[in-house]
> 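So that we are looking at the same thing, I have put the structure below in structure tokens.
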Amino acid sequence: MTKVPTSRLDKLLANLGYASRREIQMLAKNGHIHLDGVPVLKADIRIALTPDLETRLVVDGEALDPLPGVALMVNKPLGVTCSHKEAGPLVYDLLPPRWRRRDPAISTVGRLDKETSGLLLMTDDGALLHRIISPKRHVAKRYRAGLARPMTGDEAALFASGTLMLEGEEKPLAPAKLEVLGPQEAMLEVHEGRYHQVRRMFAAAGNHVETLHRQSIGGLALPDDLEPGAIRRLGEADLAAIFDRGSGSG
Ligand code: URA
């Protein structure tokens with residue numbers, strides 16, 4: 001049987017971004033924290049971090065935020081950046097303010113360019129993040145690209161060759177699958193996450209990507225009802241779908 005981790009209540013809530021440990025002790029003392037409907041007056045108690053804690057522990061009348069180990073999907077809008085180093089609004093601004101103060105922090109699983117939209121995953125679980133981005137796992141990412149010029153017909157073979165070298169790199173790209181959707185529109189499936197990879201691949205084929213949208217990661221597709229800027233928590237089935245090589249991905 002796996003051992004359930006425990007935490008001091010004040011530490012748990014401080015790490016979830018609620019307040020400082022001292023302030024949490026005051027919140028408890030003043031009856032703002034309830035466990036199973038009963039006020040918890042001292043915040044130095046140890047508490048088992050079972051998943052049901054999210055409904056059993058209530059702070060200021062609200063159910064607890066997701067426990068550590070949360071995974072999210074975001075429909076990243078255009079113009080929003082994944083990096084603190086770039087100018088402009090950040091994907092982190094899409095999170096509820098308290099979630100931005102968590103420790104461990106919620107970070108993006110890889111990145112999308114500022115001018116790329118679509119499915120972006122976020123998590124505070126480092127092991128999960130590495131499993132998704134590890135080249136060994138071979139998780140497919142599917143992008144819909146709108147191009148400046150009609151394709152020549154040579155692109156699919158070039159991308160599938162396993163010999164395409166991007167400028168400034170020493171290792172050829174692994175084979176990638178191109179599906180032509182129209183003269184200037186294609187779906188590209190890649191298994192790597194190199195810098196500006198899709199844009200650079202089409203540039204190597206003499207074209208230019210004008211619009212780029214990530215449709216899926218592994219077998220997890222961006223749901224049609226997730227509006228740009230919206231966030232949804234991933235469940236066990238979604239996480240399994242990411243690593244499911246068999247399933248088609250929207
Ligand atoms: N490839 C790109 O060129 N940009 C992205 O944002 C993702 C993949």
Side-chain angles (χ1 to χ4, degrees), residues 71-94 106-123 129-149 151 155-156 158-182 184-223 226-231 242 249-250:
L72 310 165
M73 65 163 104
V74 181
N75 183 355
K76 181 192 160 306
L78 292 173
V80 170
T81 108
C82 293
S83 164
H84 292 278
K85 289 184 195 143
E86 273 182 85
L90 284 162
V91 282
Y92 299 102
D93 299 335
L94 301 172
I106 296 175
S107 49
T108 65
V109 178
R111 287 182 184 164
L112 289 177
D113 300 337
K114 189 172 183 177
E115 294 313 326
T116 302
S117 57
L119 181 60
L120 179 71
L121 304 182
M122 299 180 90
T123 184
L129 187 151
H130 288 292
R131 270 171 70 211
I132 299 170
I133 64 174
S134 164
K136 286 189 201 129
R137 292 276 177 169
H138 236 73
V139 173
K141 283 150 282 187
R142 284 163 64 85
Y143 295 90
R144 193 180 183 114
L147 303 166
R149 290 176 282 284
M151 283 174 277
E155 295 84 356
L158 177 68
F159 295 163
S161 68
T163 59
L164 178 59
M165 270 302 202
L166 292 180
E167 226 178 283
E169 296 205 0
E170 284 168 7
K171 207 175 150 230
L173 287 175
K177 201 162 96 194
L178 184 83
E179 195 185 319
V180 175
L181 303 175
Q184 290 173 228
E185 184 129 49
M187 189 73 80
L188 182 60
E189 181 176 300
V190 302
H191 292 91
E192 297 167 288
R194 302 206 201 174
Y195 182 66
H196 291 336
Q197 182 167 338
V198 175
R199 293 175 200 276
R200 289 163 76 210
M201 287 173 76
F202 279 103
N207 213 321
H208 176 75
V209 170
E210 286 191 327
T211 59
L212 192 58
H213 179 80
R214 183 154 67 192
Q215 199 113 333
S216 61
I217 298 176
L220 181 68
L222 185 69
L226 193 68
E227 299 293 323
I231 289 181
I242 294 172
S249 31

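Whatever order the structure lists ligands and atoms in, that order sets their numbers, starting from 1.
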> Show me which atoms of ligand 1 lie under 4.0 Å from any heavy atom of Thr116.
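That gives atoms 4 (N), 5 (C), 6 (O) of ligand 1.
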> Is the shortest heavy-atom distance from the side chain of Leu112 to the side chain of Val91 under 4.5 Å?
no
> Kindly check if the number of other-residue, nucleotide or ligand heavy atoms within 6.0 Å of CZ (Arg200) is above 12?
yes
> Any carboxylate oxygen within less than 4.0 angstrom of a Lys/Arg side-chain nitrogen, looking at Arg194 and Glu169?
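The answer is yes: the pair qualifies as a salt bridge.
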> Measure across Lys141 and Arg214 and return the closest heavy-atom pair with its distance rounded to 0.1 Å.
CD-NH1, 3.7 Å
> For ligand 1, which atoms have a heavy atom of Tyr143 less than 4.0 angstrom away?
7 (C), 8 (C)
> Any N/O of Arg199 closer than 3.5 Å to an N/O of ligand 1?
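Yes, Arg199 has an N/O under 3.5 Å of an N/O on ligand 1.
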> Hey, can you tell me if Phe202 and Phe159 have their rings parallel, tilted or perpendicular (30° and 60° cut-offs)?
perpendicular
> Which atoms of ligand 1 have any heavy atom of Asp113 under 4.0 Å away?
2 (C), 3 (O), 4 (N), 5 (C), 6 (O)
> Record the part of Leu212 in heavy-atom contact with ligand 1 below 4.0 Å; permitted values are side chain, backbone, both and neither.
side chain
> Counting non-hydrogen protein atoms only, what is the nearest one to atom 1 (N) of ligand 1? Give residue, atom name and distance.
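Residue, atom and distance for the closest contact: Val198 N, 3.0 Å.
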